[in-house]
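Written below as structure tokens is the structure these notes are about.
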Protein chains: 2
Amino acid sequence: MSVTHNEVASQYERGLGLLLQLALVLHHDLAQSLARDGLTVSRVRVLWELRARGPVLQRELADALDVAPRTMTGIVDGLVATDFVTRQPHPTDRRAALVTLTPRGEATIAAMEADQARFVEILFGGMSEERLACLIDGLEEVLARLRQHGLQLPSASEEESA
Amino acid sequence: MSVTHNEVASQYERGLGLLLQLALVLHHDLAQSLARDGLTVSRVRVLWELRARGPVLQRELADALDVAPRTMTGIVDGLVATDFVTRQPHPTDRRAALVTLTPRGEATIAAMEADQARFVEILFGGMSEERLACLIDGLEEVLARLRQHGLQLPSASEEESA
DNA sequence: TATTGTTATACTCTATAACTATA
DNA sequence: TATAGTTATAGAGTATAACAATA
């Protein structure tokens, strides 16, 4: 019942190939889907951060997305121009601006979450409970391993269900 | 022992969140890693295609990556300028050019594959055989479902082990 | 007429470097 | 001196539209 070293290595390669394929296709599909709403992956990641953390400094957003401060200026510029966020003055630090969701930004996030229902049906609908649980456990372990190695993690959703 | 509808829906959301997180972090990490070698995700996807399919028309590459023909011109331009590929005349169709790996391109792909060994150790090293097999099964099912729904799939690795 | 690939143009993300205003 | 955010500049991916050469 035991497998050889080569078979384990082969499984590793297969797993990596699957993860990369899935990463590229999901990223690509997400980008195309967002483009139809005038959004981009980076801009939506900012919206996700704002939903999770409330108004924050651009510097914090730049750190969270692992981009240069100048890059975040451009991303926020785009979100301001399309009325998803505003820059509010910081109450005590006159250098800083608090990036804040507009009503449109909040409504957009809410709509996107509602929209996910159709997508999860494609991904998981009818999948056995056992297999889904197993997949989730595996994904969580892989993500935990990546975190341990200092790779940057977006906070796409950070519920920590008890 | 059975779960409620709400619990299933919650698992769906959790699964989607994990997949998106993983997609974004892997895409981001891949992009940064490739940048150190003067490559980009799109360019490497072209190299992968060439490795798997041999010399092909730009049009086929554009379809495979789901980008406009003009976009592929730019990607191939970049690969030609950095000596990863060449444009060879098509034997019968004088309009077309066959994009072909250079020795440097082939060597780079080989080196990247060797390099993956360290990465899979981070992702899977020491993971139980059972959990890895389970994760792989789940990923394959999700990918199959995406394929059925017409989403674009890069061919990061297309071994079809019997 | 259809197809391959191009030039032209524009927008976004990304990075580095230098700078201003403020702390 | 250090920090927040900017202007300036540059390279890459993406898209649409118009065009050339060829099939």
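Contact annotation: Ser42(B) does not reach the phosphate of dA12(D) (side-chain N/O to OP1 or OP2, under 4.0 Å). For Gln58(B), a side-chain nitrogen or oxygen approaches OP1 or OP2 of dT6(C) to under 4.0 Å. Listed pair Gln32(A) / dT14(D) fails the phosphate criterion, with no side-chain N or O lying under 4.0 Å from OP1 or OP2.
In this structure, the CG atom of Asp63(B) is 12 Å from the P atom of dT3(C), given to the nearest Å. Whole-Å rounding puts the His28(B) NE2 to dC13(C) P distance at 13 Å. With rounding to whole Å, Asp66(A) atom CG is found 16 Å from dC13(C) atom P. Summarising the geometry, the separation between CZ on Arg43(A) and C1' on dT14(D) is reported as 13 Å, rounded to the nearest angstrom. Rounding to whole angstrom units, NE2 of residue His27(B) and P of dT14(C) are separated by 10 Å. The distance from atom CG of Asp29(A) to atom P of dT14(D) is 14 Å, rounded to the nearest whole Å. Atom P of nucleotide dT14(C) and atom CG of Leu24(B) are separated by 11 Å, given to the nearest angstrom. The distance between atom CD of Glu60(B) and atom C1' of dG5(C), rounded to the nearest whole Å, is 14 Å.
Out of dG13(D), dG5(D), dG5(C), the shortest distance to the side chain of Arg59(B) is found at dG5(C).
Each of Val85(A) and Leu57(A) belongs to its own hydrophobic cluster when Ile, Leu, Val, Met, Phe, Trp and Tyr are linked at side-chain heavy-atom distances under 4.5 angstrom.
A donor-acceptor pair under 3.5 Å links the side-chain atoms of Thr100(A) to the main chain of Leu98(A), judged by distance alone. With Ser33(A) contributing its side chain and Asp29(A) its backbone, the two residues share no donor-acceptor pair below 3.5 Å. Judged purely by atom type and a 3.5 angstrom limit, Arg53(B) has no side-chain atom pairing as donor or acceptor with the backbone of Leu61(B).
Contact annotation: the side chain of Leu123(A) never approaches that of Tyr12(B) to less than 4.5 Å [non-hydrogen atoms, C-beta and beyond]. Val120(A) is not listed as a side-chain neighbour of Glu13(B), based on a closest heavy-atom distance of 4.5 Å or more.
Near DNA chain C, meaning a heavy atom under 4.0 Å from it, residues 92-102 of chain A has Thr92(A), Asp93(A), Arg94(A), Arg95(A) in order of number. A heavy atom lying under 4.0 Å from DNA chain C marks the following residues of residues 70-87 of chain B, by number: Arg70(B), Thr73(B), Arg87(B).
Residue-environment remark: CZ (Arg59(B)) stays at or below the threshold of 12 foreign heavy atoms within 6.0 Å.
With respect to Arg145(B) and Glu141(B), a salt bridge is recorded, a charged nitrogen being found less than 4.0 Å from a carboxylate O.
With sequence neighbours excluded, the residues forming a salt bridge (Lys or Arg N to Asp or Glu O under 4.0 Å) with Arg118(B) are Asp115(B), listed by chain and number.
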